[in-house]
Amino acid sequence: MKFLIGLFGFLSGCFVSAMVILFIQGIWDFKVNIVDLLMLVATIVLSIAVIYLTKALNKKDIVRDIVVTDLKELSALYEHNSEIFSKLQKGEIQLEVARKEVRMIFHKADLIIDCINKEIKESFPKFLEKTKGANLLELTTTYYKWVTGGEFFDEKRFQVTTEFLKSHETSLYNTTSSIKLIIHKLIKFI
């Protein structure tokens, strides 16, 4: 509404200014085509309106890109667990070091999830209402429980086996594909 009032004021001001300039310079003549003058004013107003709308759309794109970047960072963080398990299997790191690194990854992931939820709540409040199943905390909790509730943290002399790695990759894939689906829904939503 404010935009329309401003637009009307701008158009009126341009019209009056053009008439005064034509009158002062002595050009005011019945040969001046009023339609051409109005077309010039309309062109100027449309140019300004396009710039205003473009900026408004770019702001949403920037916010969406920030959220998407954070979601990709979350996926990459979880994928780092595969590297830790691989190093543990090769004997490059000790079990306690691997556990500490995995705990730190989940701590960082919790911080990123909180940030993403705040970003979505602030910028896209209707997104969570319209996209059922896009609750990031619920989607990532399954993976967290699989890693921390399994034999990796329970056994004192845990050994990385091929079966463990396969199960981990399956759980990790399910989580990262769910995160990618959220990205897809967010892009589609906007």
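Start at 1 with the first residue, then count along the sequence.
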Open item on the list: Run V67 and S123 through side-chain contact (heavy atoms from CB on, under 4.5 Å) and show every step you take.
Closed with: CA-CA 10 Å; V67 174; S123 300; over 6 Å; no
Open item on the list: Counting C-beta onward and ignoring hydrogens, is there a side-chain heavy-atom pair between K118 and E122 closer than 4.5 Å?
Closed with: no
Task: Heavy atoms from other residues, nucleotides or ligands near CD of Q94 exceed 12 (cutoff 6.0 Å) - done: no
Task: Sub-4.5 Å side-chain heavy-atom contact between N81 and I105 - done: yes
- [ ] Verify the neighbour count for atom OH of Y144: are there more than 12 heavy atoms of other residues, nucleotides or ligands below 6.0 Å?
- [x] no
Open item on the list: Before you tell me yes or no, could you show the steps for L136 and L74 under side-chain contact (heavy atoms from CB on, under 4.5 Å), namely the whole-Å CA-CA distance, both residues' side-chain angles and the distance that decides it to 0.1 Å?
Closed with: CA-CA 10 Å; L136 192 57; L74 181 63; 4.0 Å; yes
Task: I84 side chain near L88 side chain, heavy-atom distance below 4.5 Å - done: no
Open item on the list: If hydrophobic clusters are built by linking Ile, Leu, Val, Met, Phe, Trp and Tyr wherever their side-chain heavy atoms come under 4.5 Å apart, do Y173 and V160 end up in the same one?
Closed with: no
- [ ] Would you give the length of the straight line joining atom NZ of K180 to atom CD1 of I183, rounded to the nearest 0.5 angstrom?
- [x] 8.0 Å
Task: Value rounded to 0.5 Å, distance of OG in S75 from OH in Y78 - done: 9.0 Å
- [ ] First locate atom CD of E73, then atom NZ of K108, and finally report the distance between them rounded to the nearest 0.5 Å.
- [x] 9.0 Å
TODO: Would you check, one step at a time, whether the test side-chain contact (heavy atoms from CB on, under 4.5 Å) holds for H168 with F152?
DONE: CA-CA 11 Å; H168 174 259; F152 175 65; over 6 Å; no
TODO: Using the rule that two of Ile, Leu, Val, Met, Phe, Trp, Tyr join whenever any of their side-chain heavy atoms come within less than 4.5 Å, decide whether I187 and I179 are in one cluster.
DONE: yes
- [ ] Please check if V97 and F106 belong to a single hydrophobic cluster, counting links between Ile, Leu, Val, Met, Phe, Trp and Tyr side chain heavy atoms closer than 4.5 Å.
- [x] yes
- [ ] Over all heavy atoms of both residues, which pair between L77 and A109 is shortest? Give the atoms and the distance, please.
- [x] CD2-N, 3.4 Å
Task: Close side-chain approach of E119 to V63, heavy-atom, < 4.5 Å - done: no
Task: Main-chain N/O of L137 paired with T140 side-chain donor or acceptor, under 3.5 Å - done: yes
Open item on the list: Can you confirm whether Y143 sits close enough to V147 that some side-chain heavy atom of one is under 4.5 Å from a side-chain heavy atom of the other?
Closed with: yes
Open item on the list: Contact between T142 and N174 at the side-chain level, heavy atoms closer than 4.5 Å - yes or no?
Closed with: no
Task: salt bridge (Lys or Arg N to Asp or Glu O under 4.0 Å) between K166 and E169, intermediate numbers included - done: CA-CA 5 Å; K166 285 180 182 177; E169 290 302 317; over 6 Å; no
Task: Atom pair CD1 (I113) and CG (L71), whose distance is rounded to the nearest 0.5 Å - done: 9.5 Å
TODO: Identify the two heavy atoms, one from D70 and one from I112, that lie closest to each other, and give their separation to 0.1 Å.
DONE: O-CG2, 3.7 Å
Open item on the list: Quick check for you: to the nearest 0.5 Å, what is the distance between L172 atom CG and S167 atom OG?
Closed with: 12.0 Å
Task: Euclidean distance, L139 CG relative to T175 OG1, rounded to 0.5 Å - done: 8.0 Å
Task: Closest heavy-atom pair and its distance - T148, F153 - done: CA-CD1, 3.4 Å
